[in-house]
Amino acid sequence: PACEPAAWEPLRAASAVPDRPFLFANLDTLADLDTLDPAVVDGVGLVRTEFLLTSAAEALSEERHLAVYRRVLDHLAGKPVTLRMLDLGGDKALPGLTEGDPAGVLGTRGVRFLLAHPDLARIQARGLIRAAAHGPVSVLLPMVTLPAELAAMALLFDEEAVRLARQGIEGRRPPLGIMVEVPAAALTLDLFGQAAFFSVGSNDLMQYLAAAARDNPAVAPLYAGAETAMFRLLDLICAAARALGRPVSLCGDLAAEPAAVGRLLALGLDGLSVAPRRLPALRAALGAAFPALPPGRA
Ligand code: PEP
Ligand code: MG
């Protein structure tokens, strides 16, 4: 690969069952750490940082970013952690920051919001680069539509890594991956060679495929019915990631649906990431598919 690999890629060689997908946890709050035994996972596949930093003052504090990321890294004790940059806008508001931006799920959200607020993006990037000196960190960009958005964020990380080094502050430029949750990106994944890894956000991808809001009960049957379209697209996503030689995992709620797990495994996904409370069921489904799985371990 042209870029540094995702922090979890080197684990593969050390795995007792090399072809099994990695089992990761999603974290929404620091309190979720209390519910996660790091021994039963390969790492953290998604930290929703927009829920960790709950005020504008926190989101604009580089030291606060560093502190919360270090708490996650310390808990995981050396296992890889995938930190997603702030996914603000759309349905996720942060008082003091998100007012006045064209919101809505088709508006300035995710990486669009970060690129529209470069001061905020630089503060978070610096916190992430500094955290990466303390453990195996990968960074995920939410809501990427075009390769230019990834290129712009990669440049921002390069610049802040150089700036930190000049300031004599310890840091490490982490590998950058993208959430695959916008259909235009999913259908052009071959153009995202700059990404170190991919993570499918099935919650948003299904909502955009079906043009049915993920939280609107009136269109819930349409959202659920888009699963057929979703699996066809997943097939393309996995093939494109393989052709690029990049790992691809899935961190949406689909990974926690027992009925879907078999089909997800058949696609050859490299990892599945679910909320801590969903881990036992997923662990059981994985154990059924991979009988050689060591007992008590992921
Ligand atoms: C998703 O969209 O599937 C996802 C994992 O991210 P979020 O639910 O935070 O939008
Ligand atoms: Mg999403």
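Counting convention: from 1, in listed order, for ligands and their atoms alike. Worth saying up front: this structure is predicted, and the values here are computed from it rather than measured.
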If the cut-off is 4.0 Å to any non-hydrogen atom of Asp204, which atoms of ligand 1 fall inside it?
1 (C), 2 (O), 3 (O), 10 (O)
Ligand-side contact atoms (ligand 1) for residue partner Gly201, heavy atom cut-off under 4.0 Å
1 (C), 2 (O), 3 (O)
Just wondering, are more than 12 heavy atoms of other shown residues or ligands nearer than 6.0 Å to CZ in Arg242?
yes
Number the atoms of ligand 1 from 1 as they appear, then name those within less than 4.0 Å of a heavy atom of Cys251, with their elements.
5 (C)
In the protein, what heavy atom is nearest to atom 3 (O) of ligand 1, and what distance, to one decimal place, separates them?
Asn203 N, 2.7 Å
Indicate yes or no for a side-chain donor-acceptor contact from Thr98 to the backbone of Leu94 under 3.5 Å, with no hydrogens or angles considered.
yes
Indicate yes or no for a side-chain donor-acceptor contact from Glu149 to the backbone of Leu146 under 3.5 Å, with no hydrogens or angles considered.
yes
As a quick check of understanding, evaluate side-chain contact (heavy atoms from CB on, under 4.5 Å) for Phe197 and Leu140, giving each step before the final call.
CA-CA 9 Å; Phe197 63 103; Leu140 252 181; 3.8 Å; yes
Arg263 NZ/CZ over Phe231 ring centroid, <6.0 Å and within 45° of normal
yes
Polar side-chain atom of Glu62 near backbone of Gly127 as donor-acceptor pair, under 3.5 Å
no
Treating Ile, Leu, Val, Met, Phe, Trp and Tyr as nodes and any side-chain heavy-atom pair under 4.5 angstrom as an edge, say whether Leu60 and Leu114 lie in one connected cluster.
yes
So the atoms of ligand 1 within less than 4.0 Å of a heavy atom of Glu181 turn out to be 1 (C), 2 (O)
Within the distance-only criterion (no hydrogens, no angle test), does the side chain of Arg84 pair as donor or acceptor with the backbone N or O of Gly45 below 3.5 angstrom?
no
Check: of Lys92, Met179, Arg214, min heavy-atom distance to atom 8 (O) of ligand 1 comes from Arg214
Working to the nearest 0.5 Å, report the span between CG of Leu141 and OG of Ser199.
11.5 Å
Step by step, work out the side chain to side chain donor-acceptor pair (under 3.5 Å) result for Asp270 and Ser249.
CA-CA 5 Å; Asp270 297 287; Ser249 60; over 6 Å; no
Mind listing the protein N/O/S atoms less than 2.8 Å away from the Mg ion (ligand 2)? Waters don't count.
Glu181 OE1, Asp204 OD2
Note the single closest protein heavy atom to atom 6 (O) of ligand 1, along with its residue, its atom name and the distance in Å.
Arg84 NH1, 2.9 Å
Near Arg48 (heavy-atom distance under 4.0 Å), the atoms of ligand 1 are 4 (C), 5 (C), 6 (O), 7 (P), 8 (O), 9 (O)
